[in-house]
Amino acid sequence: MPDHACTSERDNPSPEWAATVSALPVGTLITGQVIARRPFGVFIRIDHVPRAVGMADIGSMPTGASLPALGDRVSGEVVWHTDHNHEVRIRLSDWIDHS
């Protein structure tokens with residue numbers, strides 16, 4: 001089998017994902033809008049990086065906070081990049097329009 005057949009996404013990331021990781025390094029403060037809500041967390045469309053999808057799980061939210069509602073504006077910090085599904089992991093710090 002040729003070597004290139006065993007190349008994984010991690011070894012050869014898409015140019016789009018590489019650009020997202022470059023634009024949003026760990027520690028970057030972000031703002032965005034909640035585009036999906038699940039029991040385990042929320043997915044966020046990150047401002048100024050339209051193809052980036054942020055994910056904030058419930059365990060990374062402030063103590064005693066509830067999940068932001070669909071459409072809420074949120075802010076937080078990039079804490080990780082999940083290469084296998086191209087998610088930017090976010091720790092939320094604040095959101096507006098609490099439900």
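All values reported here derive from a predicted model rather than from experimental measurement. Worth knowing before you read on, the calculation uses all heavy atoms, side chains too, and leaves out hydrogens, waters and symmetry mates.
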Result block: side-chain N/O donor-acceptor pairs under 3.5 angstrom for residues 42-56, not counting sequence neighbours:
from: Asp47; atom 1: OD1; to: Arg73; atom 2: NH1; distance (Å): 3.2
from: Asp47; atom 1: OD2; to: Thr31; atom 2: OG1; distance (Å): 2.6
from: Asp47; atom 1: OD2; to: Arg73; atom 2: NH2; distance (Å): 2.5

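Minimum interatomic distance between Leu92 and Pro68 (heavy atoms only, all atoms of both residues): CD1-CG, 3.8 Å.
Taken to the nearest 0.5 Å, the CD1 atom of Ile58 stands 8.0 Å off from the OG atom of Ser66.
Between Ile90 and the options Ile30, Leu24, Asp57, a side chain to side chain contact (heavy atoms under 4.5 Å, CB included) holds for only Ile30.
The aromatic rings of His81 and Trp17 sit perpendicular to each other, their planes meeting at more than 60°, with 30° as the lower class boundary.
Under the side-chain hydrogen bond (donor to acceptor under 3.5 Å, both in side chains) criterion, Gln33 pairs with no residue at all, not counting sequence neighbours.
Every pair tested for salt bridge (charged side-chain N to carboxylate O under 4.0 Å, His left out) that includes a residue from residues 27-43 fails, sequence neighbours excluded, so the list is empty.
Looking at heavy atoms from C-beta onward, Val79 lies out of side-chain contact with Val26 at the 4.5 angstrom threshold.
Linking Ile, Leu, Val, Met, Phe, Trp and Tyr residues whenever their side-chain heavy atoms come within less than 4.5 Å leaves Phe40 and Trp80 in two separate clusters.
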